[in-house]
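Predicted model, so just to flag it, every value in this text is computed and none were measured. Because only heavy atoms are used, hydrogens play no part in the values below, and waters and symmetry mates are left out as well, while side chains stay in.
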Amino acid sequence: MHLRVKRKNQTMFIWAEPTESVESLKGKIEAIVKVSITEMRLYADLLATSHVMADKETLDKLGVQPEQELALVFKLPGSDDYEAIDITSDAGQLLDDGKAAD
């Protein structure tokens, strides 16, 4: 199945099997963005209230569907904290906490 992985104004289209682990999917992302899988988190939707997808879980167990949009964030440099989910929609509106920008 194809998945859309989004970070800021970037969208990656990635092929993954439903039985694939989140860690495996992050490995595919690592090959594209050149950021270690230990420095990234995936969320099952684009809302800031989402829960982090656990590395050992499979996509099907998490209910991930074909063409689903996943949010990607990176660890902040020199910190144990991660970026906030900050996605720009295709229409150019910022999606933050599930609300479109005015």
Item checked: From E20 atom CD to E57 atom CD, the distance as rounded to the nearest 0.5 Å -> 14.0 Å
Item checked: For the student: nearest non-hydrogen atoms of L59 and A16, plus distance -> CD1-CB, 3.7 Å
Check: What about L62 and V73, same hydrophobic cluster or not, with Ile/Leu/Val/Met/Phe/Trp/Tyr joined at side-chain heavy-atom distances under 4.5 Å?
Finding: no
Notebook entry, point to check: Side-chain heavy atoms under 4.5 angstrom apart, residues restricted to Ile, Leu, Val, Met, Phe, Trp, Tyr: same cluster for L72 and Y82?
Noted result: no
Next item on the list: Using a 4.5 Å cut-off on heavy atoms from C-beta on, say whether the side chain of T11 contacts that of V5.
Entry: no
Note to self: As an exercise, state the distance from NZ of K34 to CD1 of I29, rounded to the nearest 0.5 Å.
What the structure shows: 13.0 Å
Next item on the list: Starting at CG of L3, measure out to CD of Q65 and round the result to the nearest 0.5 Å.
Entry: 10.0 Å
Item checked: For D60, all residues meeting salt bridge (Lys or Arg N to Asp or Glu O under 4.0 Å), sequence neighbours excluded -> none
Next item on the list: Spell out, yes or no, whether Y43 and V35 are grouped together once hydrophobic residues are joined by side-chain heavy atoms under 4.5 Å, including indirect joins.
Entry: no
Next item on the list: Ignoring hydrogens and angles, tell me if any N or O in the side chain of K28 forms a donor-acceptor pair with the backbone of W15 under 3.5 Å.
Entry: yes
Check: If you round to the nearest 0.5 Å, how far is CD1 of I14 from CG of L70?
Finding: 8.5 Å
Note to self: Does D55 form a salt bridge (charged side-chain N to carboxylate O under 4.0 Å, His left out) with K26? I'd like the steps, not just the answer.
What the structure shows: CA-CA 8 Å; D55 286 348; K26 287 168 72 174; 2.8 Å; yes
Next item on the list: Could you walk me through whether E83 and R7 pass the salt bridge (charged side-chain N to carboxylate O under 4.0 Å, His left out) test, one step at a time?
Entry: CA-CA 10 Å; E83 305 170 319; R7 178 179 178 264; 2.5 Å; yes
Check: When rounded to the nearest 0.5 angstrom, what is the spacing between CG in D45 and NZ in K6?
Finding: 12.5 Å
Item checked: Cluster overlap M40 with I32, hydrophobic side-chain contacts below 4.5 Å -> yes
Next item on the list: Taking the side chain as every heavy atom from C-beta outward, state whether R4 and E67 have any atom pair closer than 4.5 Å.
Entry: yes
Check: What distance separates S21 OG from K56 NZ, expressed to the nearest 0.5 Å?
Finding: 7.0 Å
Notebook entry, point to check: Between L76 and I87, is there a shared hydrophobic cluster once you connect ILVMFWY residues whose side-chain heavy atoms come closer than 4.5 Å?
Noted result: no
